[in-house]
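To find a chain, count down the sequence lines: A is the first, B the second, and so on, and within it residues start at 1. No experiment lies behind these values; they were computed from the predicted model shown.
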2 protein chains.
Amino acid sequence: MFFMVQFLHPARQDITLEGVLAALADPVRLGIVKALLSEPACMSCSAAAPCPDIPKSTLSNHFRVLRESGLIQTTKKGVEHRNVVREADLNARFPGLLKAILKHAGE
Amino acid sequence: MFFMVQFLHPARQDITLEGVLAALADPVRLGIVKALLSEPACMSCSAAAPCPDIPKSTLSNHFRVLRESGLIQTTKKGVEHRNVVREADLNARFPGLLKAILKHAGE
DNA sequence: ACGGTAGTTCGGAAATATGGGACTATTGAA
DNA sequence: TTCAATAGTCCCATATTTCCGAACTACCGT
């Protein structure tokens with residue numbers, strides 16, 4: 001029985017506009033990305049959650065969507081997962097997009 | 001029996017970032033907005049469709065989502081509906097967002 | 001080895017999207 | 001003024017997606 005071989009991260013050129021927009025169209029995921037950008041260091045999944053009452057399995061799904069859309073990169077660090085926004089890749093692929101969206105996040 | 005009292009358009013200040021992103025996260029809807037912006041005049045629903053083989057009811061749903069998210073304005077003009085992108089409202093509400101997204105649409 | 005914590009996976013329920021067909025409304029022609 | 005054609009909406013059944021509880025894996029500290 002084998003699990004979680006590796007996190008699935010798309011290559012820079014495989015990040016799609018549709019995927020990025022769909023990922024950020026959810027308020028929880030937008031909140032996660034906002035939280036990740038507000039800190040220079042990596043954050044664990046639960047630390048980056050916008051509300052503490054979101055079920056674990058739901059949160060895990062949101063992080064998977066963010067990962068598979070190319071918005072964040074996740075690495076294992078002991079018992080927790082460290083997440084960062086893939087700013088360089090996103091700015092290379094869609095210049096100005098991330099900033100334009102997050103400028104208006106949370107009003 | 002009465003129908004379609006009026007098209008439902010949110011006021012400028014009621015347009016939400018989440019709604020705009022969710023609307024544009026669909027490739028069909030993104031194509032519609034792109035088509036509408038490529039022409040200075042209004043376009044009918046079927047004229048703005050990215051592919052001709054999309055079922056009418058599905059297309060109608062996509063236009064409703066675009067309308068209710070505040071992305072487009074629809075007015076009746078005889079037998080057809082004329083659609084325009086609400087550029088002024090969107091630029092006032094979320095400056096730079098629309099351009100930043102559509103710059104990368106369709107690659 | 002054990003207990004605790006972080007996160008994933010599974011599976012069923014709830015919510016949402018799709019599209020066929022019937023319907024409305026408007027126009028233009030007979 | 002009636003008739004046919006066209007643009008689009010509404011209804012509703014099906015298909016797809018999302019949500020979340022529960023069971024599970026993985027890692028760390030003791």
- prompt: Please give, in whole Å, the distance from dT18(C) P to Phe63(B) CZ?
  reply: 14 Å
field: Given DNA chain D, 5'-ward residue of the pair Arg29(A) and Arg82(B), judged by closest heavy atom
entry: Arg82(B)
- prompt: Given Thr74(A) and Leu66(A), is the side chain to side chain contact (heavy atoms under 4.5 Å, CB included) satisfied, shown in steps?
  reply: CA-CA 10 Å; Thr74(A) 308; Leu66(A) 287 171; over 6 Å; no
query: So, the side chain of Arg93(A) versus the backbone of Ile15(A): is there a donor-acceptor pair under 3.5 Å, distance only?
result: yes
- prompt: Side chains of Leu17(A) and Leu24(B): closer than 4.5 Å at any heavy-atom pair?
  reply: no
message: Does any part of the side chain of Val65(B), heavy atoms only, come nearer than 4.5 Å to the side chain of Asp26(B), both counted from C-beta?
response: no
- prompt: What's the CZ-P distance between Phe7(A) and dA6(C), to the nearest Å?
  reply: 15 Å
message: Please confirm whether the shortest side-chain N or O distance from His81(B) to OP1 or OP2 of dT9(D) is below 4.0 Å.
response: yes
message: Keeping Ser60(B) on the side-chain end and Ser57(B) on the backbone end, is there a donor-acceptor pair under 3.5 Å?
response: no
- request: Write down the distance between CG (Leu59(A)) and C1' (dG21(D)), rounded to a whole number of angstrom.
  value: 15 Å
Phosphate-side-chain proximity, Arg67(A) and dT8(C), N/O vs OP1/OP2 below 4.0 Å: yes
query: For DNA chain D, which ranges pair as stems of 3 or more consecutive Watson-Crick or G-U pairs, with both donor-acceptor distances under 3.5 Å?
result: C:1-30 with D:1-30
task: Could you check how far CZ of Arg64(A) sits from C1' of dC19(D), rounded to whole Å?
output: 12 Å
Steps toward side chain to side chain contact (heavy atoms under 4.5 Å, CB included) verdict (Gln73(B), Phe7(B)): CA-CA 9 Å; Gln73(B) 183 172 26; Phe7(B) 291 118; over 6 Å; no
task: Output, in order, the C-alpha distance, side-chain angles, deciding distance and verdict of side chain to side chain contact (heavy atoms under 4.5 Å, CB included) for Leu98(A) and Glu87(A).
output: CA-CA 8 Å; Leu98(A) 193 60; Glu87(A) 284 191 80; 4.2 Å; yes
task: Under 4.0 Å from any atom of DNA chain C, heavy atoms only: list the residues of residues 42-58 of chain A that qualify, in numerical order.
output: Ser44(A), Cys45(A), Ser46(A), Lys56(A), Ser57(A)
Between dT9(C) (P) and Leu8(A) (CG): distance, integer Å: 10 Å
query: Could you go step by step and tell me if Ile32(B) and Ile72(B) meet the side chain to side chain contact (heavy atoms under 4.5 Å, CB included) rule?
result: CA-CA 10 Å; Ile32(B) 290 170; Ile72(B) 66 171; 5.6 Å; no
- prompt: For dC27(D), does OP1 or OP2 lie under 4.0 Å from any side-chain N or O of Lys76(A)?
  reply: yes
field: Listed nucleotide nearest any side-chain atom of Glu80(A), set dT8(C), dA6(C), dA25(C)
entry: dA6(C)
- request: Let me know the distance between NZ of Lys77(A) and P of dG7(C), rounded to the nearest Å.
  value: 14 Å
- request: To the nearest Å, give me how far apart CG (Asn61(B)) and P (dG19(C)) are.
  value: 10 Å
message: Could you check whether any side-chain heavy atom of Arg64(B) comes within less than 4.5 Å of a side-chain heavy atom of Leu8(B), counting everything from C-beta outward?
response: no
